[in-house]
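Heads up, the thing below is written out as structure tokens.
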2 protein chains.
Amino acid sequence: MGSGNAGQPAADPVVPLAHRVPDLGALELLLAVARLGSLGRAARERGISQPAASSRLRSMEQQLGVALVERSPRGSRLTDAGALVTDWARQVVEAAEAFDAGAQALRGRRDSRLRVAASMTIAEYLLPGWLIALRTQRPDTAVSLLAGNSAAVAERLLAGEADLGFVEGLDVPAGLDGAVIGHDRLVVVAAPAHPWARRRTELTAAELAATPLILRERGSGTRQVLDAALAGHGGLAAPLLELASTTAVKAAAVSGAGPSVLSELAVGEELAARRLVEVPVLGTRFSRDLRAVWPAGQRPAGPARQLLGLTRALP
Amino acid sequence: MGSGNAGQPAADPVVPLAHRVPDLGALELLLAVARLGSLGRAARERGISQPAASSRLRSMEQQLGVALVERSPRGSRLTDAGALVTDWARQVVEAAEAFDAGAQALRGRRDSRLRVAASMTIAEYLLPGWLIALRTQRPDTAVSLLAGNSAAVAERLLAGEADLGFVEGLDVPAGLDGAVIGHDRLVVVAAPAHPWARRRTELTAAELAATPLILRERGSGTRQVLDAALAGHGGLAAPLLELASTTAVKAAAVSGAGPSVLSELAVGEELAARRLVEVPVLGTRFSRDLRAVWPAGQRPAGPARQLLGLTRALP
DNA sequence: ATGAGCCCATAAGGTGGGGTTATGGGTTCA
DNA sequence: TGAACCCATAACCCCACCTTATGGGCTCAT
């Protein structure tokens, strides 16, 4: 099934993305040039030689087919296009920083200063940002992250193997205290081409329950909330597809395989770009609280307290 | 490694980000493995050999210090950590796709099928997403982008050098028709350590006007709105810093140099992660419409109409 | 049970992108 | 007019990533 298959949508690029987008080093260099106003200065900050910076930037311009900086004997300024590209580059670099913060926590060992246990959705979409913020305040705080469902989070906390937990369930697990730090909403989404995207009337809960959906595997927090909410409407139909990760579910929904229900946090990007469309549902609000939790009676202190403070400005 | 350095204030990484984060090719490979469930299949899709994929993935795991996939004689599945990393990777890849879509439009020539002129904020934060969406619907539509202020956008449209424009001004430029496609709000932001971040009372407009801010250069749309809104409150004080790009302004604000006023679109990320804090302002709403515009009487058709349709689901 | 057809791993060898140092020419300013 | 910035070019080096060739484990149909 190598070539000539029909169903595959806009999948395999002829020339891969990695060849059309400069690598992270080049993007960081561009940001440094924008900030410092000189190739040499930027090179020094990034720890490379000035000719290396010069050639790197030049090949980036060639690759993009756009002049990015105006070089002069007394410095370099961004062109108009360069300013635009620089801001796009910053988005990529920020995503990479979140990746790095998350990965670092994931590899963190037991002796970390701060051990966090978090549910999947929170670990995926919120925690990396918090860790970046924490790093700017306390650069030397080593953080370890363990991701799992609510029960696993509670278990770790009660066993003394984690200092702070985050859960997205409907209630606080027994033995834990908690504080609501934000809210999450489940949204019904479909590809723009799907009939549901063009409905002019709201979906009824019963209709939703009766329709096969693309879902995460049984046991995911999202699915539990959905199950509970639709229990009174005939129960959830057998899934159209059952996939292992949010990523996979989104990809399937975008490609038009069918409608899905996902956290607002997960599909913000897709909705904004109209790769997915939200389908309003009558009456039912698939809302759930996001909570920080800790062993009952033991108020978070030290790094845990600081991280808790960072989480209070949620969307 | 990584232990040893003490006070380094998160500025220039000792070991650069590019060395701690796998490159785009590796991240795309990981996404393909997650989707297809097999190294060999993923390798084929990405157009490389199976050993290359195997070794690439292995070195990524080594770099991150985390096992990402469980290999078995009948395929590979993501580990729990791998699922998390894959979702973080997807964020990076999506940002890179936006970068690519934007860069491609920027290099687009005059003979493109669809010529767009857009103001800076829209070009920076919204257009790339729209272009990605457009590409999935009409892969063969070549788009060119020209970014400038409202006057420049109007000029291009009236000269017949652009098919569709986007502006964020307060009114529709003369000679053009338009439709509101969304709204943008200017927010006052400060670093979490700034006194304003801890205020319990709302800022007055007069107070804001009297305080030196970090701003874009004169002429930016953001600054015009701000000027107009504060004209009745003593006028804007001389800026604390005047920088050339939104990126630079944000960086300065995050580093604590002072308060700034920026589009909500530009600082969403920073607010969510608490790298910046919004400072409420009494009474005044710095709101502005986002509009699609076209020459009066000439309703958009063809690709322009299609793009217009994509923009109707704004935040 | 046995070969086909997947899966993945290891080994050995090529190539080019990105790095380096060395050098030179332009502008600004004390 | 020399010092101190800016940037560019040239010649060289290295390793990260690719390739092809090969082998072993699991599953399944014949």
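Since the model is a prediction, treat every value here as computed from it, not as a measurement. Below, chains carry the letters A, B, ... as their sequence lines are ordered, and counting in each starts from 1. Only this structure's heavy atoms are used, side chains among them; waters, hydrogens and symmetry mates stay out.
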Both A52(A) and P73(B) contact DNA chain C. Taking the nearest nucleotide for each, which residue is further toward the 5' end?
P73(B)
Base, sugar-phosphate alone, or nothing: which one does S49(A) contact when heavy atoms must sit under 4.0 Å apart?
base
Base, sugar-phosphate or nothing for S55(B)? Non-hydrogen atoms, less than 4.0 Å.
nothing
Please give, in whole Å, the distance from dG16(C) P to D23(A) CG?
18 Å
By nearest nucleotide on DNA chain C, pick out whichever of A53(A) and G40(B) is the more 5' one.
G40(B)
R113(A) side chain to T141(A) main-chain N or O, any donor-acceptor pair under 3.5 Å?
no
Rounded to whole Å, please give me the gap between CZ in R58(B) and P in dA11(C).
12 Å
Yes or no on salt bridge (Lys or Arg N to Asp or Glu O under 4.0 Å) for R71(A) and E61(A), after CA distance, side-chain angles and deciding distance?
CA-CA 13 Å; R71(A) 301 122 198 267; E61(A) 288 179 311; 2.6 Å; yes
Can you find a side chain N or O atom of R74(A) that sits less than 4.0 Å from OP1 or OP2 on dA4(D)?
no
Ion pair E124(A)/R90(B), N-O distance below 4.0 Å
no
Which atoms form the tightest heavy-atom contact between L68(B) and M60(B), and what is the distance?
CD1-CG, 4.0 Å
Classify S76(A) by what it touches in the nucleic acid, base, sugar-phosphate, or nothing, heavy-atom distance under 4.0 Å.
sugar-phosphate
Considering just the side-chain nitrogens and oxygens of S38(B), establish if one lies under 4.0 Å of OP1 or OP2 belonging to dC7(C).
yes
Specify the separation, in whole Å, of atom CG of L57(A) and atom P of dA8(D).
8 Å
To the nearest Å, how far apart are R71(A) CZ and dT27(C) P?
16 Å
Separation of L29(B) atom CG from dC8(C) atom P, in whole Å?
11 Å
What's the CZ-C1' distance between R44(A) and dT21(C), to the nearest Å?
16 Å
Taking the minimum atom-to-atom distance to the side chain of L39(B), which one of dC6(D), dT19(D), dC8(C) wins?
dC8(C)
Rounded to whole Å, how long is the line connecting atom CD of Q62(A) with atom C1' of dG18(C)?
15 Å
Does dA8(D) have OP1 or OP2 sitting under 4.0 Å from an N or O in the side chain of S54(A)?
yes
Is the backbone of Q50(B) close enough, under 3.5 Å, to the side chain of S54(B) for a donor and an acceptor to pair up by distance?
no
Roughly how many Å is it from CD in Q50(A) to P in dT21(C), rounded to a whole number?
12 Å
